[in-house]
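Working notes, structure below.
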Amino acid sequence: MEISTMAQAMQLHARLLKSGRPEDQTHFQNLSKLFTFSALSPSGNLTYARHILTTLKTPNSYYYNTMIRAYSDSPDPTRSITLFLDMHCREEEERVVPDPDKFTYPFVLKACAKLRHTQLGKQIHGLILKMGFMSDRYVNNALIHMYSGCGDSGHALKVFDEMSERDVVSWTSVIDGFVDNDRPIEAIKLFDNMMDSGVDPNEATLVSVLRGCADTGALSIGEKVHNFVKERKLNGKANVGTALIDMYAKCGCIDNARWIFNEMMDKDVYAWTAMISGLASHGLLEEAMEHFEKMKSCSIKPDERTMTAVLSACRNAGWIGKGLYHLRSMKKYKLRPTIQHYGCIVDTFVRAGQLDEAEKYIRKMPIDPDVVLWRTLLWGCKIHGDVERSERLVKDVELLKMDSRDCGSYILLGNVYAATGNWKEKAKMRELMNQRGLVKTPGSSRIEIDGLIHEFTAGDSRHFEAENIYAKLDEMEQNVRREGYDPKVSEVLLEIDNDEKASQLLHHSEKLALSFGLIKTNPGTVIRIVKNLRSCEDCHSFMKLISKLYQREIIIRDRIRYHYFKGGECSCGDRW
DNA sequence: GTTAGGCTGG
């Protein structure tokens with residue numbers, strides 16, 4: 001009997017129970033079939049599968065493994081771990097519980113990865129060693145995934161290094177882990193090694209390395225991967241297409257992103273979202289919204305990420321009304337707004353200088369605001385010089401206690417004081433940070449030249465050309481001060497990851513090192529601003545600097561995010 | 001019978 005619905009499965013189960021012939025071979029086959037359907041099919045029912053499992057007198061490991069697998073893929077993977085512990089400790093009496101085998105471990109490790117349960121993952125690793133499963137490729141790959149998922153790429157790499165035979169999944173898992181753990185350069189390096197060692201990448205590998213390129217702004221490597229994709233005729237794959245759209249958009253090539261998108265046959269919500277958010281980040285806000293409408297007219301339902309992209313387009317355009325409208329519309333799609341969505345709205349208020357509204361909005365939000373959200377408002381205080389509000393916020397909300405490990409709020413509050421010339425208070429903040437032993441994480445930036453990625457950290461002088469770079473930067477700074485520009489530097493790939501980095505970039509001498517990196521002539525100018533250039537003030541100085549350097553105002557205007565310009569007037573009302 | 005894999009972020 002074929003099973004395609006849960007109702008059929010339950011009917012069959014009832015018949016089997018009635019027939020009373022459990023010794024029959026077909027009985028076993030049918031039972032296993034309906035169990036597998038209940039546990040693994042998308043229309044299955046986990047509770048029912050669990051029920052079947054409990055009724056079995058002598059369940060074999062297949063049943064347990066399948067159940068653990070189903071739980072590890074479910075929204076609540078803890079159940080997978082509980083069941084594994086049952087197996088491991090044989091807690092159920094009166095029943096023979098099978099021992100875990102080589103199939104069990106990959107599933108339970110996946111659950112650990114999902115839960116980011118490093119401790120348990122390590123213990124299970126120990127068990128695997130003890131039980132002698134370390135020679136199994138699947139188990140090893142699952143260990144790599146577990147460590148990567150728990151944010152421990154170091155251990156993932158260790159497992160990988162010690163494997164006797166690695167396959168494409170091993171390579172991909174470790175590469176993907178590096179990307180997820182914010183180490184995209186190592187991911188790209190590993191991809192190179194992989195190609196050198198003759199392992200053939202598949203679409204999963206290409207997707208991972210493209211994500212790494214997107215994070216680094218490594219355009220020429222991304223292009224190479226794109227060529228490889230074409231060679232292998234993998235263009236048609238939805239996931240590869242989406243990764244390409246995203247990579248091109250994040251590397252500043254919105255035209256290429258558009259092209260890939262238009263060529264895609266079946267555009268799903270992922271592809272649309274990648275396109276919409278790419279357009280939004282390139283300041284093509286009307287076009288982003290048109291795409292959103294088009295997507296809906298193709299009967300594709302937006303997901304949370306789509307809505308984030310839409311709301312950030314509204315924010316970048318300064319459309320408060322539209323933003324609120326789209327936030328409310330989420331209900332229609334059965335989506336519950338998350339803190340990011342509310343954050344976009346708050347940021348829209350902040351950018352428009354409506355700090356009261358922003359604060360009111362935060363206080364009446366249906367979910368608890370977090371540090372980052374409060375900081376958005378605090379940042380607004382800095383731009384608009386609202387010291388009174390910022391001090392009150394820090395006291396009321398206990399901002400400094402909210403993120404004990406992170407020093408972002410201290411720095412921001414320090415900046416608020418600095419912006420109003422209150423150097424005494426700023427120094428106090430610095431002192432407070434020192435007292436509490438908080439270390440400022442330096443901003444960093446990456447630049448890709450001829451396929452080679454250089455990473456710069458503020459104040460760092462370890463680069464092999466550091467001396468030349470700093471000398472050149474000084475020279476450039478002098479030039480800029482004299483309102484000149486340096487035609488020798490023709491390629492800039494700039495990445496500003498967060499507020500702190502943005503302000504660092506503009507307020508310290510290292511700022512130029514971060515933004516201009518190597519001094520090398522290269523055809524074509526690519527200016528990429530990945531994330532926040534938050535305050536108008538920052539924008540202004542940055543714009544001026546870059547325009548003078550490159551005399552390429554148009555590029556800048558196209559790329560800039562978070563500010564909207566009308567006739568030379570910025571959203572905050574400043575002229576520049 | 002297993003393992004990796006696309007879009008979001010204040």
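Bear in mind the structure is a predicted one, so any value in this text is a computation, not a measurement.
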Worksheet item: Any side-chain N or O of A/R69 less than 4.0 Å from the OP1 or OP2 oxygen of B/dG1?
Response: no
Worksheet item: Is the phosphate of B/dA4, meaning OP1 or OP2, less than 4.0 Å from a side-chain N or O of A/H145?
Response: yes
Worksheet item: For the pair made of CZ in A/F160 and P in B/dT3, what is the distance, rounded to whole Å?
Response: 19 Å
Discussion item. Rounding to an integer number of Å, can you tell me how far A/L190 CG sits from B/dA4 P?
Written reply: 18 Å
Worksheet item: To the nearest angstrom, how far is A/M247 atom CE from B/dT8 atom C1'?
Response: 19 Å
Discussion item. For a quick check of understanding: with a heavy-atom distance under 4.0 Å over all strands, which category does A/A142 fall into, base, sugar-phosphate or nothing?
Written reply: nothing
Worksheet item: Nearest to the side chain of A/M264, which nucleotide is it out of B/dT2, B/dG6, B/dT8?
Response: B/dG6
Discussion item. Please classify the nucleic acid contact of A/N202 as base, sugar-phosphate, or nothing, using heavy-atom distances under 4.0 Å.
Written reply: base
Discussion item. Are A/D268 and A/W272 packed together at the side-chain level, in the sense that at least one heavy-atom pair is separated by less than 4.5 angstrom?
Written reply: no
Worksheet entry | Whole-Å gap separating C1' (B/dA4) and CG (A/L109) | 14 Å
Worksheet item: Can you find a pair of side-chain heavy atoms, one from A/K296 and one from A/Y333, that are under 4.5 Å apart?
Response: yes
Practice prompt. Taking only the side-chain heavy atoms of A/L373 (C-beta and beyond), determine which of B/dG10, B/dT2, B/dC7 contains the nearest atom.
Written response: B/dG10
Discussion item. Just the rounded figure in Å: distance from P of B/dA4 to CG of A/L206.
Written reply: 18 Å
Practice prompt. Using a heavy-atom cut-off of under 4.0 Å over every strand shown, decide if A/V372 touches base, sugar-phosphate, or nothing.
Written response: base
Item to complete: State which of B/dG6, B/dG1, B/dT3 makes the closest approach to the side chain of A/N65.
Response: B/dG1
Practice prompt. Would you classify A/S61 as touching base, sugar-phosphate or nothing, given that sugar-phosphate means primed atoms plus P, OP1 and OP2, and contacts are heavy atoms under 4.0 Å?
Written response: base
Worksheet item: Hey, are the side chains of A/I124 and A/L109 touching, using non-hydrogen atoms and a 4.5 Å cut-off?
Response: yes
Worksheet entry | Presence of A/K110 side-chain N/O under 4.0 Å of B/dA4 phosphate oxygens OP1/OP2 | yes
Item to complete: Select base, sugar-phosphate, or nothing to describe what A/Y62 touches, counting heavy atoms under 4.0 Å on all strands.
Response: base
Worksheet, complete the sentence: Closest of B/dT8, B/dT2, B/dA4 to the A/Y138 side chain is B/dT2
Practice prompt. Tell me what A/E203 touches on the nucleic acid: a base, only sugar-phosphate, or nothing, going by heavy atoms under 4.0 Å.
Written response: base
Worksheet item: Where the side chain of A/V169 is defined as all heavy atoms beyond and including C-beta, which of B/dG10, B/dC7, B/dA4 is the nearest nucleotide?
Response: B/dA4
Worksheet item: Contact class for A/T172 (heavy atom, under 4.0 Å): base, sugar-phosphate, or nothing?
Response: base
Item to complete: Kindly point out which of B/dT2, B/dG5, B/dG10 is positioned nearest to the side chain of A/T376?
Response: B/dG10
Discussion item. What's the closest nucleotide to the side chain of A/V207 if the choices are B/dT2, B/dG5, B/dC7?
Written reply: B/dG5
Item to complete: Validate the cation-pi geometry between A/K102 and A/Y138: distance from NZ or CZ to the six-membered ring centre under 6.0 Å, angle to the ring axis within 45°.
Response: no
Worksheet item: So, is A/K250 near the phosphate of B/dT8, with a side-chain N or O under 4.0 Å from OP1 or OP2?
Response: yes
Worksheet item: CG/A/L143 to OG/A/S148 distance, rounded to the nearest 0.5 angstrom?
Response: 10.5 Å
Worksheet item: Is there a side-chain contact between A/N140 and A/F160, using heavy atoms and a 4.5 Å cut-off?
Response: no
Practice prompt. Check whether any side-chain N or O of A/R211 sits under 4.0 Å from OP1 or OP2 of B/dC7, and answer yes or no.
Written response: yes
Worksheet entry | Gap between atoms CG and P, on A/D303 and B/dC7 respectively (whole Å) | 11 Å
Item to complete: Among B/dG5, B/dA4, B/dC7, find the nucleotide with the atom closest to the side chain of A/T273.
Response: B/dC7
Practice prompt. Look at all strands and tell whether A/I339 reaches a base, only sugar-phosphate, or nothing, counting heavy atoms closer than 4.0 Å.
Written response: base
Worksheet item: Would you say the side chain of A/Y63 lies within less than 4.5 Å of the side chain of A/P98, judging by non-hydrogen atoms?
Response: no
Discussion item. Tell me the interatomic distance from A/Y105, atom OH, to B/dT2, atom C1', rounded to whole angstroms.
Written reply: 14 Å
Worksheet item: For A/M265 and B/dG6, what is the distance between atoms CE and P respectively, to the nearest whole Å?
Response: 23 Å
